[in-house]
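Take a look at the structure set out below.
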Amino acid sequence: MGQTHTIRMRLSRQPVEIVVGSGHLNQLGSRLRRMALGTHPILLSNPNILRRHGKAIQKALRRVGGPVATLTVADTEQSKSLPSLSRLLSALAKLDGPGKRPFLVLAGGGVVGDLGGVAAGLYKRGIPYVQLPTTLLAQVDSAIGGKTAVDLPQGKNLVGLIVQPRLIFVESKFLETLPERQFRSGLAEVAKGGIIRDAALFKALEKSSTQQLRKGADRLSWALYRAMRVKAAVVEQDEFETKGIRTILNLGHTFGHALETASGYRRAYTHGEAVAVGIRVAADMSKSLGLISACSADRIRSLLRHLGLPVTFRGVRLADITRAMSHDKKWFTGRNRWVLPTGIGRCTVKENIPAHVITKAIRGAWEG
Ligand SMILES: NC(=O)c1ccc[n+]([C@@H]2O[C@H](COP(=O)([O-])OP(=O)(O)OC[C@H]3O[C@@H](n4cnc5c(N)ncnc54)[C@H](O)[C@@H]3O)[C@@H](O)[C@H]2O)c1
Ligand SMILES: [Zn+2]
């Protein structure tokens with residue numbers, strides 16, 4: 001077992017620990033037993049993850065004491081829907097009974113984590129749940145912060161709760177089976193953490209190749225830990241997203257979401273790839289506005305390229321990007337808001353950015 005790192009988040013109801021390490025999955029059961037979350041752990045996952053890691057996870061959970069029940073959902077974003085939430089709640093009710101205190105362990109990416117979190121928040125007005133994220137995106141981002149949601153036909157994440165897990169247990173070895181492209185995409189969120197708040201993380205990423213991160217368990221655990229620390233600190237300051245601080249986690253996402261939407265059904269860009277192009281666009285806007293030096297903006301773009309992420313886009317019409325970004329007609333004449341990097345490890349939130357600054361930066365990243 002390599003080194004483990006612990007982050008303690010002070011939140012409104014109770015503190016939540018994030019434990020990150022490599023080869024420490026066997027510690028999960030005893031930790032859960034000590035926490036006394038309940039009598040019956042219920043593992044929620046999907047067949048793809050269970051095939052790869054199911055046995056090891058179930059073995060770890062058996063150390064809690066009682067039997068381990070396993071529920072699965074289909075391996076698709078469609079599992080984040082009201083029908084699958086309803087099926088999951090019924091399955092929980094069937095497993096529950098007199099004298100039982102069930103709790104959920106959510107082993108998967110953002111889909112399993114988001115769906116399972118809503119179910120844990122709603123079933124019997126709330127049962128404890130644990131995040132056991134298995135994708136890089138889930139480990140550094142979606143498993144932390146308590147945002148849970150399912151989608152409606154009208155849009156993504158429209159029904160949900162902010163309800164905190166009792167533990168976030170991060171095993172970096174899960175990432176060994178993650179496809180290369182998914183791994184790189186997750187690195188965009190790691191880099192984002194460095195850019196907005198952690199210059200040391202940024203510098204460490206500049207010095208490591210994606211291959212070194214994939215293969216070097218300690219190097220990877222450290223980078224994960226630093227990125228999680230950024231997210232955890234921001235969540236601590238603004239748990240319910242009422243103070244505007246959590247906004248900075250959206251660096252690269254205004255443009256990124258628009259690129260995902262505009263290239264839609266073809267899935268030409270993963271979330272992380274779209275965010276990487278979005279970070280480059282934000283850095284260019286910041287440079288135009290005189291908020292960041294040309295040198296720092298160049299370093300940001302170089303880091304993304306170095307991690308194997310795109311910083312330009314193609315195959316999408318600019319008009320489609322613009323349409324996806326502007327929620328109303330006034331968006332371009334004032335009502336817009338951007339997270340802009342102001343240096344390495346620093347950022348700011350700006351509103352009312354002139355249209356010509358936005359379009360110039362987007363055109364600069366467009367390859368036709
Ligand atoms: N709650 C939040 O704060 C938050 C933040 C960001 C994203 N999200 C949500 O997260 C979702 C995306 O999450 P995601 O990118 O993790 O996608 P995902 O959950 O769909 O997982 C991606 C793919 O990787 C597979 N997989 C998972 N772990 C694996 C492993 N260790 N080895 C091999 N394959 C593995 C999955 O089966 C799936 O096919 C979206 O629905 C998004 O809305 C939520
Ligand atoms: Zn994201």
Side-chain angles (χ1 to χ4, degrees), residues 5-20 109-110 113-114 117 121 131 133 135-149 157 160-170 185-205 221-257 271-272 274-276 278-279 282-283 286 291-292 296 300 303-304 337-351:
H5 305 275
T6 302
I7 301 163
R8 199 153 207 263
M9 294 166 80
R10 290 176 304 268
L11 297 173
S12 57
R13 281 187 75 170
Q14 58 211 346
V16 174
E17 280 193 347
I18 307 175
V19 192
V20 48
D114 278 13
Q131 289 280 14
T135 63
L136 184 48
L137 176 118
Q139 296 192 343
V140 297
D141 193 1
S142 63
I144 305 170
K147 276 197 191 175
T148 68
N157 297 327
L161 307 159
I162 293 188
V163 53
Q164 298 296 339
R166 298 291 287 274
L167 172 71
I168 301 156
F169 192 93
V170 177
S185 299
L187 284 180
E189 304 281 1
V190 178
K192 179 191 82 181
I195 296 163
I196 60 176
R197 278 236 177 140
D198 189 346
L201 169 59
F202 187 98
K203 285 181 197 146
L205 292 173
S221 293
W222 184 85
L224 292 177
Y225 159 68
R226 295 293 291 215
M228 287 170 202
R229 219 174 61 153
V230 171
K231 172 123 193 202
V234 172
V235 169
E236 239 178 27
Q237 289 169 352
D238 189 12
E239 185 178 349
F240 298 102
E241 211 166 22
T242 49
K243 301 179 191 159
I245 302 171
R246 240 174 131 151
T247 311
I248 67 167
L249 298 168
N250 288 336
L251 172 68
H253 284 64
T254 307
F255 176 86
H257 283 147
H271 176 71
V275 166
I279 294 176
S286 197
L291 298 171
I292 192 171
S296 295
I300 290 173
L303 176 69
L304 297 167
R337 172 197 260 206
W338 292 79
V339 186
L340 301 178
T342 53
I344 304 302
R346 287 187 283 129
C347 66
T348 186
V349 178
K350 284 272 174 229
E351 290 178 348

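Considering only heavy atoms from C-beta on, Arg229 stays 4.5 Å or farther from Arg197 through its side chain. By the 4.5 Å heavy-atom criterion applied to side chains, Ile292 and Ile300 are counted as neighbours. Between Leu136 and Ser185 there is no side-chain heavy-atom pair separated by less than 4.5 Å. Side chains of Asp114 and Asn157 form a contact here, defined as non-hydrogen atoms less than 4.5 Å apart.
The closest donor-acceptor contact from the side chain of Asp238 to the backbone of Arg246 lies under 3.5 Å. Using a distance-only test at 3.5 Å, with no hydrogens or angles considered, no donor-acceptor pair links the side chain of Lys350 to the main chain of Leu340. Put simply, the side chain of Lys192 gets close to the backbone of Leu249: a donor and an acceptor are under 3.5 Å apart. Within the 3.5 Å criterion, the main-chain N or O of Ser12 finds a donor-acceptor partner in the side chain of Glu239. Glu236 places no side-chain N or O within 3.5 Å of a backbone atom of Leu11 that could act as its donor or acceptor partner. The backbone N or O of Trp338 lies less than 3.5 Å from no partner atom in the side chain of Thr254, so there is not a single donor-acceptor pair.
For His253 against Leu251, the heavy-atom pair with the smallest separation is ND1-O, 2.9 Å. Between Arg8 and Glu17, the closest heavy-atom pair is NE-OE2, 3.5 Å.
To the nearest 0.5 angstrom, Ile195 atom CD1 is 7.0 Å from Ile344 atom CD1.
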Just do the side-chain contact (heavy atoms from CB on, under 4.5 Å) check on Leu137 and Ser142 with the steps written out, would you? CA-CA 7 Å; Leu137 176 118; Ser142 63; 4.1 Å; yes
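Using a 4.0 Å cut-off between charged side-chain N and carboxylate O, Glu241 and Lys147 make a salt bridge.
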